[in-house]
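Report on the following structure.
All values reported here derive from a predicted model rather than from experimental measurement. Residue numbers begin at 1 in each chain, while the letters A, B, ... track the order of the sequences. Side chains are part of it too, since the values below use all heavy atoms of this structure and drop only hydrogens, waters and symmetry mates.
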Amino acid sequence: MLRTHTCGELTLENIGQTATLCGWVDTIRDFGGVTFIDLRDRYGRTQVVFNPDSTQEVLAEMGKLKNEYVIKVVGEVRPRPDGQTNKKLATGEVEFVVSDLEILNECKTPPFVPGQKDVPGEDLRLKHRYLDLRREKMLQTLQLRSRIIKTMRDYCADNNFIDIETPILGRSTPEGARDYLVPSRVFKGKFYALPQSPQIYKQIMMIAGYDRYIQVARCFRDEDLRADRQPEFTQLDLEMSFVDSDDVIGMIDGMMQRLAKELLGLDLQLPLQRLTYDEAMTRFGHDAPDLRFGMEIVDVTDLASACGFGVFKSTAEAGKFVRGVNAKGAAPMYSRKRIDELTNMVKDDFGAKGLAWFRCEEDGSLFSPIAKFFTEEELADLKIRFDAEPGDLLLLIADTWDISCKGLYSIRKRMGVELELYDPKEMHFSWVVEFPMFERGDETERWNAMHHPFTAPRDQDLDQLDSDAGKTRAKAYDLVINGYEAGGGTIRIHDSGIQQKVFGLLGLDEESAQERFGFLLDALKYGAPPHGGIALGIDRVVMLFAGLDNIRDCIAFPKTQKAYDMMTEAPNVVENLQLEDLGIEISKLIGNQKTDSEEQSEGTQ
RNA sequence: GGCGCUGUAGCUCAAUUGGUUAGAGUCCCGGACUGUCGAUCCGGAGGUUGCGGGUUCGAGUCCCGUCAGCGUCGCCA
């Protein structure tokens, strides 16, 4: 080892000891005579002191030091003079008086330094990720991530789970998200697919009798990115045999309790709150509601059908919905302009026709551009329904169930932040359960699986599969933290008769089901136990536990919104020889296109 | 693919209704200083305002296109 201690280690207990430290030059404070350098590594910072009575050689080397040089110093640990301790530093009561200095490596003048106050632009951070990862915040987040994963693994190990790796090179299953494909050299013209999840493999493991499986699994989905979505991400994949929904939920309840306790010092009361999907949609318009605040949706379709306002009346009579939220005390903060912004949001993003609003005045009356279409009694009814008090702002959408859900959900989410309706540091864990088995495809009359085609229906809904499939509820459950879907799972179908029936409803005949999932269907016939599981999005859990609002800061080497790696410049062109090996020819329409960033950097040179 | 925000010195940001030589802090370079910890002080360097076009007597500012980053809708079984 080049060093005897780390930069976060030396304290008053080490006074008088000779030690050797290695690290990066964080800051230099040169007083002409004495010079202080904060030496930094993963573990902390130690103040290193150069005195004028050092040797000429040491002083000469010291003169060469600049930000982010990597050095090794030998010296003695001494207490700091009275009144000169630094309480911000764990090592702040001591200093390290240097007797020898070796420059292990120099550093070009960096585009930014890890300690600077203003965080650089994200593109610059991603391009020079090795510098960005030196930043305290990144270091803390990745350490938290490591501890979260360790705690998850420990918990699972304590509960008899076995950790098993499944293939990265797998087979494309055209359902679901777009696959990342890998061409085969041996089977020219054929492709592997990177896993969207180890779903099939873990079910096979259950059939094989490995009744409690986990994996920290990298998954890949070739879809557009979001603040909380990366093309490759990590999930804690878990599957259990001889269980029902409550058993899986209970297992994760315990895991969340341990995570919250060990990493945040929070005591979670178990069982965690549960909402059904229907309840979540009715009350919050979304299947992963943020339960840290109220502002629940109020349905006034019945009032609307009897009122004089044509838009409301016709909407209600068409079997659609008039629903709204009461933003308590929001009226003074929301000018016409800000209400217009909300209106544009629900129109542009979700295709709502408009946003009706009522302001509750000081005298308790409701003011609105559309108030004239309502009788005094109707206005009074609205007030009662929404529990409106002076200063409140009522926002209503008259539209389909889907649009009213989406619009009111986004309004609630946005105003929750703007009105500071909750403490951003608060954590709320809950479950949304009993999702529908099926949803309608956009252009077809056929059903689509809401989760995946192996999801089991609730026992009491089995009969409904034939009569009213749309009403069938599944043994499906999502873990929701602070309004984010942190994980989701289901109990799987282990009965081939039910599986055939579900395939039928999904429009999959026996032949095509066999073609796509034959190996699983075969395996299910060889003694499949009842089983089910869940997958937790580790990146998102880290994001939420760290109090961050984007997932890239929880991943060491994330990709941009276009799934581009700014540091390695992947994806990129490959040698023609590699393509020939694979029997692949790039279409002339595409050619060997330069990536956009290459074009841009050439343009700016 | 749609909508929106952003792009000015190495970095973080200013620049009034379009108006003189595009500024500040920081970083960098040089100098001073023996107790700082966001060190301080003095001096200096540093710009094709992302790129291309247009309007105008005049464009960092307005318009069109384009590229990049971010947010969002679609999408994400």
Side-chain angles (χ1 to χ4, degrees), chain A residues 26-38 45-53 66-68 80-89 91-92 95 108-113 115-128 131 173-179 196-197 199 219-231 233 341 344-351 406-407 410 413-414 435 437-439 441-442 447-455 476 485 488 490 506 516 537 549-550 552 559-562 564 566 594-605:
Chain A
D26 197 60
T27 53
I28 304 174
R29 295 181 293 279
D30 181 357
F31 286 80
V34 65
T35 297
F36 303 99
I37 286 176
D38 285 343
R45 279 183 300 166
T46 297
Q47 173 162 283
V48 162
V49 187
F50 292 84
N51 279 321
D53 54 1
K66 295 198 284 187
N67 278 331
E68 299 304 307
R80 293 200 186 187
D82 284 345
Q84 292 194 6
T85 59
N86 185 347
K87 294 194 178 72
K88 292 183 203 162
L89 247 50
T91 61
E95 62 189 16
K108 284 175 63 179
T109 300
F112 62 92
V113 290
Q116 77 181 46
K117 197 177 92 181
D118 300 306
V119 178
E122 191 153 2
D123 40 1
L124 194 73
R125 291 174 53 205
L126 291 175
K127 180 161 186 168
H128 302 278
L131 296 176
T173 49
E175 305 259 338
R178 212 174 277 118
D179 284 319
Q196 297 179 27
S197 94
Q199 180 65 35
C219 304
F220 306 85
R221 292 179 190 175
D222 187 6
E223 297 292 346
D224 284 349
L225 278 57
R226 290 286 187 282
D228 63 349
R229 246 159 54 187
Q230 278 276 301
F233 58 98
E341 285 172 12
N344 289 334
M345 177 177 74
V346 296
K347 284 164 95 169
D348 296 345
D349 284 356
F350 307 109
K406 286 175 173 171
S410 65
K413 184 175 176 182
R414 174 166 167 169
F435 281 73
M437 282 285 285
F438 308 101
E439 56 192 355
D442 279 344
W447 294 106
N448 286 331
M450 193 140 176
H451 203 84
H452 60 65
F454 317 114
T455 300
E485 180 193 333
T490 64
L506 294 173
R516 290 183 190 184
D549 58 8
N550 101 59
R552 293 181 300 278
K559 295 188 170 50
T560 68
Q561 201 171 69
K562 294 178 74 177
Y564 185 68
M566 298 194 82
K594 285 169 184 163
T595 60
D596 297 332
S597 70
E598 280 168 350
E599 278 179 5
Q600 202 202 15
S601 64
E602 280 173 19
T604 54
Q605 270 163 8

Take atom [atom1] in [N] and the same atom in [M], then report the distance between them in whole Å.
N	M	atom1	result
rG7(B)	rG46(B)	P	25 Å
rU16(B)	rG4(B)	P	24 Å
rG47(B)	rU8(B)	P	15 Å
rC63(B)	rC73(B)	C1'	27 Å
rA14(B)	rC3(B)	C1'	29 Å

Look at the side-chain N and O atoms of [X] and state whether any lies under 4.0 Å from the OP1 or OP2 oxygen of [N].
X	N	result
Lys87(A)	rC37(B)	no
Arg552(A)	rG71(B)	yes
Gln561(A)	rG71(B)	yes
Lys66(A)	rC29(B)	yes
Asn67(A)	rC28(B)	yes
Lys406(A)	rG74(B)	yes

Within the 4.0 Å heavy-atom criterion, would you say [X] contacts the bases, only the backbone, or no part of the nucleic acid?
X	result
Arg178(A)	nothing
Pro120(A)	sugar-phosphate
Gly121(A)	sugar-phosphate
Leu506(A)	nothing
Arg226(A)	base
Val119(A)	sugar-phosphate
Glu95(A)	base
Asp348(A)	nothing
Met345(A)	nothing

- request: Output yes when Arg229(A) and Asp224(A) qualify as a salt bridge under the 4.0 Å nitrogen-oxygen rule, no when they do not.
  value: no
query: Less than 4.0 Å between a side-chain N and a carboxylate O, is that true for Arg414(A) and Glu341(A)?
result: yes
message: Does the plane of the ring in Phe438(A) sit parallel, tilted or perpendicular to the ring in Trp447(A)? Use 30° and 60° as the thresholds.
response: tilted
Has the side chain of [X] got a donor or acceptor that lies under 3.5 Å from a partner of the other kind on the base of [N]?
X	N	answer
Arg229(A)	rC75(B)	yes
Arg80(A)	rC37(B)	yes
Gln116(A)	rG38(B)	no
Asn86(A)	rC37(B)	yes
Gln47(A)	rU36(B)	yes

Nucleotide opposite [N] in a Watson-Crick or G-U pair, distances under 3.5 Å:
N	answer
rC5(B)	rG69(B)
rG10(B)	rU26(B)
rU49(B)	none

- line: Closest to the 5' end of RNA chain B, once Ser197(A) and Thr560(A) are matched to their nearest nucleotides, is Thr560(A)
message: Could you check whether any side-chain heavy atom of Phe350(A) comes within less than 4.5 Å of a side-chain heavy atom of Ser410(A), counting everything from C-beta outward?
response: yes
query: Counting side-chain heavy atoms from C-beta on, which of rU72(B), rG38(B), rG74(B) comes nearest to Asp224(A)?
result: rG74(B)
- prompt: With stacking defined as ring centroids separated by under 5.5 Å and planes differing by under 30°, is Phe36(A) stacked against rU36(B)?
  reply: yes
